[in-house]
Participant: 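Structure incoming, see below.
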Protein chains: 4
Amino acid sequence: MQSHDEKGTGMTEKTPGRPRDAAVSRKLKDTALRLVRDKGYDTVPISAIIAEAGVSRQSLYNRWSTKAELVLDAFYDDSFTRVAQPLPRPDHRGALATFLADIFAHLAENGAALRSLIAAAQADETFRVAFHDRFVAPREEIVTQLLHEAQAAGELPPGRDPELLSAFVHGAFWYRLLNGQTLDDTWARRIADGVFGP
Amino acid sequence: MQSHDEKGTGMTEKTPGRPRDAAVSRKLKDTALRLVRDKGYDTVPISAIIAEAGVSRQSLYNRWSTKAELVLDAFYDDSFTRVAQPLPRPDHRGALATFLADIFAHLAENGAALRSLIAAAQADETFRVAFHDRFVAPREEIVTQLLHEAQAAGELPPGRDPELLSAFVHGAFWYRLLNGQTLDDTWARRIADGVFGP
Amino acid sequence: MQSHDEKGTGMTEKTPGRPRDAAVSRKLKDTALRLVRDKGYDTVPISAIIAEAGVSRQSLYNRWSTKAELVLDAFYDDSFTRVAQPLPRPDHRGALATFLADIFAHLAENGAALRSLIAAAQADETFRVAFHDRFVAPREEIVTQLLHEAQAAGELPPGRDPELLSAFVHGAFWYRLLNGQTLDDTWARRIADGVFGP
Amino acid sequence: MQSHDEKGTGMTEKTPGRPRDAAVSRKLKDTALRLVRDKGYDTVPISAIIAEAGVSRQSLYNRWSTKAELVLDAFYDDSFTRVAQPLPRPDHRGALATFLADIFAHLAENGAALRSLIAAAQADETFRVAFHDRFVAPREEIVTQLLHEAQAAGELPPGRDPELLSAFVHGAFWYRLLNGQTLDDTWARRIADGVFGP
DNA sequence: GTGTAAGCGAGACGGTACGTCGTGTCTTGGA
DNA sequence: TCCAAGACACGACGTACCGTCTCGCTTACAC
């Protein structure tokens, strides 16, 4: 629940002057999250966010340089972000299917916003990196880890390439998401089966 | 080399008045293509395209409603668009690797633009559909077809799911592209091997 | 009733493209004039002018670079601007008094605006020059001319210095105006008497 | 060398708490004076003054409500402000010329700032009054007094109107100043001659 | 001494205004 | 009807000041 992108608050060193008002950050992130979910990323102008949040323009720019960064932070704070749910061990195939099904369930609410974040990432390299580090990489790591464990447990044939399979899994996920296709439990199962084999 | 998106030219019905100047369309598409490749999709304003093309604003809007549609058309015209290169039959695994390697080679030049098109597609549903129908689906179909043939030829185990594998292939491609990772011959081979098994 | 400051319309050469809409200029100048008269020069933001005029921001900047230039043009167009009322010849002292009394009468309505224009002129040299050339100098010239004629007619002693006396006249006017003091017929008479001697 | 406008220090009543730091006032006035002289009144934002002075924003607002008041105070402190130099008696015409020449000499350095103070006075009535009381009225009084004495001494014809002549003198001064015209010894002499007659 | 009250540097904060940019529609004159 | 040129309404942007506020600290005086 703590921010990563906010400017100048990297460390907790004591700074002179009036401290940033946490409520302002809170309101901005909450409003941004809500508006982006409701109307979509680029339909929402910055002015709308600050107006709804009842906050001054400068207060936003004091914290974030871009709408993208604000929204990224907002999503990170959001529960959607919980990433590290422990996966049940014995059945790795089922674990993967469940993990994917969970993510897909969240996309019902956040899919549009996630798509717009991916889109925004294509126009801004530093944002892309931040987005990758905080959202993409952790999830990919989880799957890669799971596949390695499955291989160690003999559930996945030793010849398979976990990194590649992880890219397959996330790729299939992104590909369908960005092409406006459905992502449901069936697809989660199908992907898991495709990875572990018939 | 013929346009699909251009407005009002679907049929060759006789219209009264002065006919559209094909050179204008040509200049617009060429300029759009060049500028987008050079500076990126959303760095290039429409004003810049018409200025460079030496064409009036209205002439553009007579043909396309959006920058996205123009650029889509421009890319469609471009050689990058050739999609249906015949695949050599006997070795399907190798055919897939070659097919991917070809695409990846084109991305060296067009990757950035393609990414921005995918990004633009996230904000505009009708554009997304057009983009999908003209760029995404054909290529996916090629791979699906190839996998089916490979299965028929016994090169791919019968238990495998060609549609899913096709999603894996394109997903891996998109995933790496959109995350700014390299796509080279090695990856093409690795993907093909991942699909056909070790 | 024709503008001097409007950009790019110095000559009546035929320009290609859609011509400027005279109604837009009209509305801008009228609104600017009214608002400045009512609320004072720097109390009126540009945004208020364009909002009231129902005109786009760019349309204003197409014509004038500054609020100052717009307002100056607006005042120039205004009847307040009529400057060259012919002065009755025989009685030069009375003519001067009448001329001043006329101006003072106009100040009842425009005094505040004139003060704010003078103030604005102090911050912007080019505006100051424009203001001087179009408003100040013509009036000073009238008085100087009148004094010369009076001198020729023997009404003003030959030893007097018309340029200086003209500066005295306008100076007294400005001095009282800018110091918030009254300017009425009595003062007009008093100034005229001071110039021509008892 | 003592301030008039500073808030809350009118009397020397004992106030509890830490007393104001005179050095802060000093630094503010000095910096304001210097910056305004160098770059002009409205080119200098308050932020620049406090930054240069190394003083906090609040410390300024503790003392003055406006940039205008601060600058007014700064100028009042400045040597330019010395107003009451005794005038030599016998030759009143020469005394006036000298008085004006002195003022004009100071304007070489302070003219721009004085103009901007006059400008600021047009937008703020209470400031206008303060400015008038401290800068304008005293000087006008000196001249009026001098003219009365000259009249008593028979140097100025009894029919002349000292108040009007004083307005002439200062008016001519302001008029030329605000219109960006030169003010030098020649003009001082010319004005004096105009007042006393040939 | 200790408490109280204000000054002080620093900087956040809600505002307001600014001038620029981009978009899609429109209105000229001429082809 | 097309075309080049450019005006137009609209809406968003990021910046600049302003005057107020809230921190933590310091400085005086009163008790």
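Just so you know, these numbers come straight off a predicted model, no measurement behind them. Note on naming: letters A, B, ... go to the chains in the order of the sequence lines (proteins, then strands), and numbering restarts at 1 for each one.
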Participant: Show, in sequence, the C-alpha distance, side-chain angles and deciding distance for A:Thr66 and A:Phe127, and conclude whether the side-chain contact (heavy atoms from CB on, under 4.5 Å) test is met.
Facilitator: CA-CA 9 Å; A:Thr66 328; A:Phe127 176 67; over 6 Å; no
Participant: Measure from the side chain of B:Val24, starting at C-beta and using heavy atoms only, and say which of F:dC3, E:dG7, E:dG14 lies closest.
Facilitator: F:dC3
Participant: Between B:Ala48 and C:Thr43, which residue's closest nucleotide on DNA chain E lies nearer the 5′ terminus?
Facilitator: C:Thr43
Participant: Just wondering, do A:Val129 and A:Glu125 contact through their side chains at under 4.5 Å, heavy atoms?
Facilitator: yes
Participant: Scan residues 42-56 of chain D for pairs that pass side chain to side chain donor-acceptor pair (under 3.5 Å), counting only residues two or more places apart or in two chains.
Facilitator: D:Arg34-D:Glu52, D:Ser56-D:Ser59
Participant: Rounded to whole angstrom units, what separation is found between the CG atom of D:Asn62 and the P atom of E:dG9?
Facilitator: 10 Å
Participant: When you check the side-chain N and O atoms of A:Arg20 and A:Ser25, is any donor under 3.5 Å from an acceptor?
Facilitator: no
Participant: Output the rounded distance in Å from CG (A:Asp21) to P (E:dA10).
Facilitator: 22 Å
Participant: Measuring only between side-chain heavy atoms, which start at C-beta, is B:Val36 closer than 4.5 Å to B:Lys67?
Facilitator: no
Participant: Measure CD1/C:Ile50 against C1'/E:dG19 and give the value in whole Å, please.
Facilitator: 11 Å
Participant: Does C:Ser56 have a side-chain nitrogen or oxygen under 4.0 Å from the phosphate oxygens OP1 or OP2 of F:dA7?
Facilitator: no
Participant: Rounded to whole Å, please give me the gap between CG in C:Asp42 and P in E:dT16.
Facilitator: 17 Å
Participant: Would you kindly give the CG-to-P distance between A:Leu35 and F:dA12, to the nearest whole Å?
Facilitator: 12 Å
Participant: Within a radius of less than 6.0 Å around NZ of D:Lys27, do more than 12 heavy atoms belonging to other residues, nucleotides or ligands occur?
Facilitator: yes
Participant: Between C:Ala22 and B:Gly54, which residue's closest nucleotide on DNA chain F lies nearer the 5′ terminus?
Facilitator: B:Gly54
Participant: Which word best sums up how the rings of B:Tyr76 and B:Phe135 line up, parallel for under 30°, tilted for 30 to 60°, or perpendicular for over 60°?
Facilitator: perpendicular
Participant: Taking only N and O in the side chain of A:Ser47, is any of them less than 4.0 Å away from OP1 or OP2 of F:dC13?
Facilitator: yes
Participant: Would you please confirm or rule out a distance under 4.0 Å between OP1 or OP2 of E:dG9 and any side-chain N or O of D:Ser59?
Facilitator: yes
Participant: Considering only F:dG14, E:dG24, E:dG19, which nucleotide approaches the side chain of B:Ile46 most closely?
Facilitator: E:dG24
Participant: If you assign B:Tyr61 and D:Val55 each to the DNA chain E nucleotide with the nearest heavy atom, which residue ends up on the more 5' nucleotide?
Facilitator: D:Val55
Participant: Produce a footprint string for nucleotides 22-29 of chain F: one letter per nucleotide, 5' end first; B if the base is under 4.0 Å from any protein heavy atom, S if only the sugar-phosphate is, - if neither.
Facilitator: BB--BBS-
Participant: Tell me the interatomic distance from C:Leu60, atom CG, to E:dC21, atom C1', rounded to whole angstroms.
Facilitator: 16 Å
Participant: What is the distance, to the nearest angstrom, from the CG atom on B:Asp124 to the P atom on E:dG24?
Facilitator: 11 Å
Participant: Tell me if the side-chain of C:Arg57 makes a donor-acceptor pair with the base of E:dG19, cut-off 3.5 Å, by modelled atom types.
Facilitator: yes
Participant: Write down the distance between NZ (B:Lys27) and C1' (F:dC2), rounded to a whole number of angstrom.
Facilitator: 13 Å
